[in-house]
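Take a look at the structure below.
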Amino acid sequence: MGVDNLKVLVIGGSGFVGKGVLQYLSADPNFNLVSISRSGRPHETQSWINKVEWIRSDVNKDENWEKAVENADWVIDLIGVLFEKNYQEYYEKSVRPAKRLIKHLQDRTEKAKFLFVSAKHAPFFLKNYMRAKKEVENEIMEKIPGRGYIVYPGMIYAKERKMVFLTAALLNFALKIPVLKRILNAYEPIKRADFSYEIRQILLGNASSLF
């Protein structure tokens with residue numbers, strides 16, 4: 001695969017992380033960008049939004065996303081659900097759509113690569129969140145092992161999300177204290193812009209700190 005005119009499909013592109021990634025990638029002419037989300041095109045008026053094709057679709061409920069997956073070079077799953085009441089909620093909102101995407105990739109195209117944002121660590125009260133992540137990882141390894149890419153960022157933050165930004169600031173402060181660093185190193189946060197840069201590196205076939 002060449003590195004010019006890559007067709008990149010972002011699932012969950014209207015979300016906090018998705019918009020950050022799409023905005024970053026939109027500055028690079030290498031990428032032809034498409035977003036799939038339940039809300040479709042955002043209401044913001046920034047010029048970069050016009051560089052993305054926005055498709056309104058619910059992966060769990062319709063087939064409007066299927067052709068975009070078949071035409072993509074990369075499919076990036078950014079459906080992020082951090083806090084839910086139980087595992088069934090995580091399953092419906094993140095595991096089930098991921099499994100539908102993976103099955104479609106397996107059955108309908110041999111071209112597209114699939115990039116999934118997982119996690120290596122989480123506090124004990126997020127055990128269902130981690131269970132959901134691991135279930136999707138297992139599905140990737142079973143169904144599309146040669147085309148599945150799994151990345152492991154810490155908390156992704158930006159000033160636009162004030163509570164996440166504050167939490168990340170506290171974590172970064174704690175990480176400067178040696179005794180706490182040994183405990184919290186696995187939770188080191190990453191700026192949304194830095195995360196987007198690393199995603200670009202992966203899409204272009206370069207090394208990345210996210211693996």
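Just so you know, these numbers use all the heavy atoms, side chains as well, and skip hydrogens, waters and symmetry mates.
- In this structure, the separation between NE2 on H104 and CD on E63 is 9.5 Å, given to the nearest 0.5 Å.
- Atom NZ of K191 is surrounded by 12 or fewer heavy atoms from other residues, nucleotides or ligands within 6.0 Å.
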| message | Could you walk me through whether L6 and N32 satisfy the side chain to side chain contact (heavy atoms under 4.5 Å, CB included) test, starting with their C-alpha distance in whole Å, then the side-chain angles of each, then the deciding distance to 0.1 Å, before giving a yes or no? | response | CA-CA 6 Å; L6 289 177; N32 183 343; over 6 Å; no
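- Residues Y90 and L126 have side chains in contact (heavy-atom distance under 4.5 Å, counting atoms from C-beta outward).
- Annotation: the span from K176 atom NZ to L171 atom CG amounts to 12.5 Å, rounded to 0.5 Å.
- Crowding of E110 atom CD: a count of heavy atoms from other residues, nucleotides or ligands under 6.0 Å not exceeding 12.
- Under the 4.5 Å side-chain heavy-atom criterion for ILVMFWY residues, a single connected hydrophobic cluster contains both V117 and L204.
- Here the shortest heavy-atom pairing between I36 and V59 reads CG2-CG2, 4.3 Å.
- In this structure, L33 and S26 have side chains that are in contact, with non-hydrogen atoms separated by less than 4.5 Å.
- When all heavy atoms of G18 and V10 are compared, the closest pair comes out as CA-CG1, 4.4 Å.
- Side-chain heavy atoms closer than 4.5 Å link hydrophobic residues (I, L, V, M, F, W, Y) into clusters, and following such links, possibly through other members, connects V21 to F211.
- Judged by distance alone, the side chain of K111 and the main-chain N or O of N71 form a donor-acceptor pair under 3.5 Å.
- To the nearest 0.5 Å, the span separating CG on L115 from CG on L210 amounts to 8.5 Å.
- A donor-acceptor pair under 3.5 Å links the side-chain atoms of E198 to the main chain of S209, judged by distance alone.
- Without hydrogens or angle criteria, D28 side chain to F31 main chain gives no donor-acceptor distance under 3.5 Å.
- Put simply, the side chain of W54 reaches to within 4.5 Å of the side chain of P42, judged on heavy atoms.
- Taken from NZ in K67 to OG in S57, the straight-line distance is 14.0 Å, to the nearest 0.5 Å.
- Formation of a donor-acceptor pair under 3.5 Å by the R200 side chain with backbone atoms of L25 is not found in this model.
- For the pair N30/N5, no side-chain contact is recorded, criterion being any heavy-atom separation below 4.5 Å from C-beta on.
- Counting heavy atoms from C-beta outward, Y129 and E84 have side chains that stay 4.5 Å or more apart.
- Of all heavy-atom pairs between A68 and I55, the closest is CB-CD1, 4.2 Å.
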| Verdict with reasoning, M155 to V164, per side chain to side chain contact (heavy atoms under 4.5 Å, CB included) | CA-CA 8 Å; M155 177 191 297; V164 176; 3.9 Å; yes
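- Taking hydrophobic clusters as Ile, Leu, Val, Met, Phe, Trp and Tyr residues chained together by side-chain heavy-atom distances below 4.5 Å, M130 shares a cluster with F125.
- Residue L180 is grouped with residue L175 when hydrophobic side chains (ILVMFWY) are merged at heavy-atom distances under 4.5 angstrom, including chains of intermediate members.
- Atom OH of Y87 has more than 12 heavy atoms from other residues, nucleotides or ligands within 6.0 Å.
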| request: Evaluate the criterion side chain to side chain contact (heavy atoms under 4.5 Å, CB included) for residue pair L101 and I11; output intermediate values, then yes/no. | output: CA-CA 9 Å; L101 289 164; I11 310 297; 3.8 Å; yes
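- Remark: Y24 engages no residue in a ring-ring contact (aromatic ring centres under 6.0 Å, His included) (not counting sequence neighbours).
- No donor-acceptor pair closer than 3.5 Å links the side chain of Y149 to the backbone N or O of F116.
- A donor-acceptor pair under 3.5 Å is formed between the side chain of S14 and the backbone N or O of G40.
- Between atom CZ of residue R131 and atom OH of residue Y91 there is a gap of 10.5 Å, rounded to the nearest 0.5 Å.
- To the nearest 0.5 Å, atom NZ of residue K99 and atom CD of residue E135 are 4.0 Å apart.
- A single hydrophobic cluster is seen to contain both I79 and Y152, as judged by linkage of ILVMFWY side chains at heavy-atom distances under 4.5 Å, directly or through other members.
- Taking every heavy atom of both residues into account, A112 and A72 meet most closely at CB-O, 3.3 Å.
- Between the side chain of R147 and the backbone N or O of L105, at least one donor-acceptor pair lies under 3.5 Å.
- Remark: the backbone N or O of Y157 is not paired with any side-chain donor or acceptor of R192 at under 3.5 angstrom.
- When only modelled atom types and interatomic distance are considered, T109 and E70 share no side-chain donor-acceptor pair under 3.5 Å.
- With contacts defined as side-chain heavy-atom distances shorter than 4.5 Å, the pair V17/I156 qualifies.
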| Stepwise, does the ring pair (Phe, Tyr, Trp, His ring centres under 6.0 Å) test hold for F114 with W74? | CA-CA 6 Å; F114 185 72; W74 281 91; 9.7 Å; no
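- Here the side chains of D73 and V8 are not in contact, with every heavy-atom distance at 4.5 Å or above.
- Nearest approach of L22 to W48, heavy atoms of both residues: CB-CZ3, 3.8 Å.
- Side-chain atoms of R56 never come within 3.5 Å of backbone atoms of R41 as a donor-acceptor pair (strictly under, hydrogens ignored).
- Residues K19 and E44 have side chains in contact (heavy-atom distance under 4.5 Å, counting atoms from C-beta outward).
- The two residues S118 and K133 come nearest to each other via the heavy atoms OG-CB, 3.5 Å.
- Judged by distance alone, the side chain of N138 and the main-chain N or O of K134 form a donor-acceptor pair under 3.5 Å.
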